[in-house]
Participant: 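Before I ask anything, here is the structure I am working with.
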Protein chains: 2
Amino acid sequence: MKKSSEEILKSSALSLTAGRKTILDIFLSSPNALAHQDIETICKEKYDRVTIYRTLQTFLEKGIIHTIPSSDNITRYALCNDDCIVTGHHHDNHVHFTCDTCGKTICLDETEVPSVHLPKGFRAHQINMIVSGVCKSCA
Amino acid sequence: MKKSSEEILKSSALSLTAGRKTILDIFLSSPNALAHQDIETICKEKYDRVTIYRTLQTFLEKGIIHTIPSSDNITRYALCNDDCIVTGHHHDNHVHFTCDTCGKTICLDETEVPSVHLPKGFRAHQINMIVSGVCKSCA
DNA sequence: AACATTTTGCAACAAAGTTGCATTCTTTCT
DNA sequence: AGAAAGAATGCAACTTTGTTGCAAAATGTT
Ligand SMILES: [Mn+2]
Ligand SMILES: [Mn+2]
Ligand SMILES: [Zn+2]
Ligand SMILES: [Zn+2]
């Protein structure tokens, strides 16, 4: 069963404010990752740009959302799984997909990042894999 | 044998200007990937910010450099291999590494990106893998 | 309800990136 | 070598993105 925004905020020890709830609900109902700009477009009438920046930052720190690396200089965010930050740092271990056709970026929650053998001397701490191509909807 | 900046510019059908040569030489002599800001710091006295932006854009289009995805909103660039753009689009198929200690990002040219099995309906066109951890020099 | 603590909005600012245009530099052609 | 055409550069102005300080408002706790 999916947690509600109130439940998530409460379990992260965050005070329940209208802005946080709104932004979190946007994530909960979005099938794809969102950039700051996307959120601003949806609720710039109701909340200040600065509040959105700060809310995203807070969610990141609490392990509610994670960032997705990209080549285009746009940070995109998506919800973490429940147990994401239990150990103190993020461990979203799934592949991300960016569709060249519709432009959307999504978490492939079921697709684990494959391991890789690094040259001698390198120690991996986190591995990100971003696949681009054509998504299911655009196929 | 490594190509000189003049040779690279010539084989990309770009006119040989002092700015392009300087910036390309910076890449040729750098062991790690460079952000716009890094280049600006090195040669802001000699070349305008705008020129640096345009030069990087040109190099990208010609397949001389490629971008490296990141989570921090900073586009980093590194030299492509010789045969990178022969087919019309980039195919840098190597892993990238970002060191949490020294902050440098490098191409692991010898380390191929492992393949991954995507959910039904998704078609991969390009795969990026970015590993973070501790690099050889910082181990 | 009153208090202490957080969060928010606003304003001002800083940094990053883009665009148009006049000038300068490259390359080509004679 | 010199002229002409085309391309690259610098500058100014602007837009977009992100940050900071502070006063006002909202929240949670007693
Ligand atoms: Mn994800
Ligand atoms: Mn590379
Ligand atoms: Zn798509
Ligand atoms: Zn290092």
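The analysis underlying the following values was restricted to heavy atoms, covering all of them including side chains, and did not include hydrogens, waters or symmetry mates. Reminder, nothing fancy here: chain letters follow the sequence lines and each chain counts from 1.
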Participant: Given D/dT16, is OP1 or OP2 found less than 4.0 Å from the side-chain N or O atoms of A/Q37?
Facilitator: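 It does not, given that no N or O in the side chain of A/Q37 lies less than 4.0 Å from OP1 or OP2 of D/dT16.
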Participant: May I ask you to check whether B/H66 and B/Y77 place their ring centres under 6.0 Å from each other?
Facilitator: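 Centroid distance B/Y77-B/H66: not below 6.0 Å, so no.
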Participant: In whole Å, what is the span from the CZ atom of B/R49 to the P atom of C/dT19?
Facilitator: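 Between P of C/dT19 and CZ of B/R49: 14 Å.
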Participant: Select one nucleotide: of C/dT18, C/dT7, D/dG18, the one nearest the side-chain heavy atoms of A/L14.
Facilitator: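 Looking only at side-chain atoms, A/L14 lies closest to C/dT7.
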Participant: Is there a continuous path of hydrophobic side-chain contacts, each under 4.5 Å between heavy atoms, that joins B/F97 to A/M129?
Facilitator: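 Linked within one cluster.
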Participant: Please report, rounded to the nearest Å, how far the C1' atom of D/dT17 is from the OH atom of A/Y77.
Facilitator: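 So the two atoms are 11 Å apart, to the nearest Å.
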Participant: In terms of side-chain geometry, is the basic nitrogen of B/K104 or B/D100 positioned less than 4.0 Å from the acidic oxygen of its partner?
Facilitator: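 B/D100 and B/K104: not salt-bridged.
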Participant: Which whole-number value in Å describes the distance from B/K44 NZ to C/dG17 C1'?
Facilitator: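 Between C1' of C/dG17 and NZ of B/K44: 17 Å.
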Participant: Please tabulate, one pair per line, each protein N/O and nucleotide N/O from nucleotides 9-12 of chain D that are separated by under 3.5 Å, including the distance.
Facilitator:
residue : atom : partner : partner atom : Å
D/dT9   : OP1  : B/T17   : OG1          : 2.9
D/dG10  : OP1  : B/K46   : O            : 3.4
D/dG10  : OP2  : B/D48   : N            : 3.2
D/dG10  : OP2  : B/T51   : OG1          : 2.5
D/dG10  : N7   : B/R54   : NH2          : 3.1
D/dG10  : O6   : B/R54   : NH2          : 2.7

Participant: CG of B/N73 versus C1' of D/dG18: gap in Å, rounded?
Facilitator: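 From B/N73 CG to D/dG18 C1': 9 Å.
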Participant: Specify the separation, in whole Å, of atom NZ of A/K21 and atom C1' of C/dT7.
Facilitator: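 After rounding, the reported distance stands at 17 Å.
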Participant: Could you check which of C/dT18, D/dG28, C/dT27 has an atom nearest any side-chain atom of B/Y53?
Facilitator: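 Taking heavy atoms from C-beta onward, the closest nucleotide is C/dT18.
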Participant: Same cluster for A/V131 and A/I74 if Ile/Leu/Val/Met/Phe/Trp/Tyr side chains link at under 4.5 Å?
Facilitator: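 No, separate clusters.
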Participant: Compare every heavy atom of B/A124 with every heavy atom of B/L118, then report the nearest pair and how far apart it is.
Facilitator: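 Minimum heavy-atom contact is CD1-CB, 3.8 Å.
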Participant: Could you tell me the separation between the CD atom of A/E45 and the P atom of C/dC10, rounded to a whole number of Å?
Facilitator: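 Going from A/E45 (CD) to C/dC10 (P), I get 12 Å.
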Participant: To the nearest Å, how far apart are B/E6 CD and C/dT27 C1'?
Facilitator: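 Spelled out: CD on B/E6 to C1' on C/dT27 is 16 Å.
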Participant: Can you see whether A/R20 engages A/S15 through a side-chain donor-acceptor pair at a distance of less than 3.5 angstrom?
Facilitator: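 Side-chain D/A pair, A/R20 to A/S15: present.
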Participant: Grab the CD-P distance between B/Q57 and C/dA16 for me, whole Å please.
Facilitator: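 Taking CD of B/Q57 and P of C/dA16, I get 18 Å after rounding.
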Participant: Below 4.5 Å, heavy atoms only, C-beta onward: do A/H96 and A/I106 meet side chain to side chain?
Facilitator: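 Contact flag for A/H96/A/I106 side chains = no.
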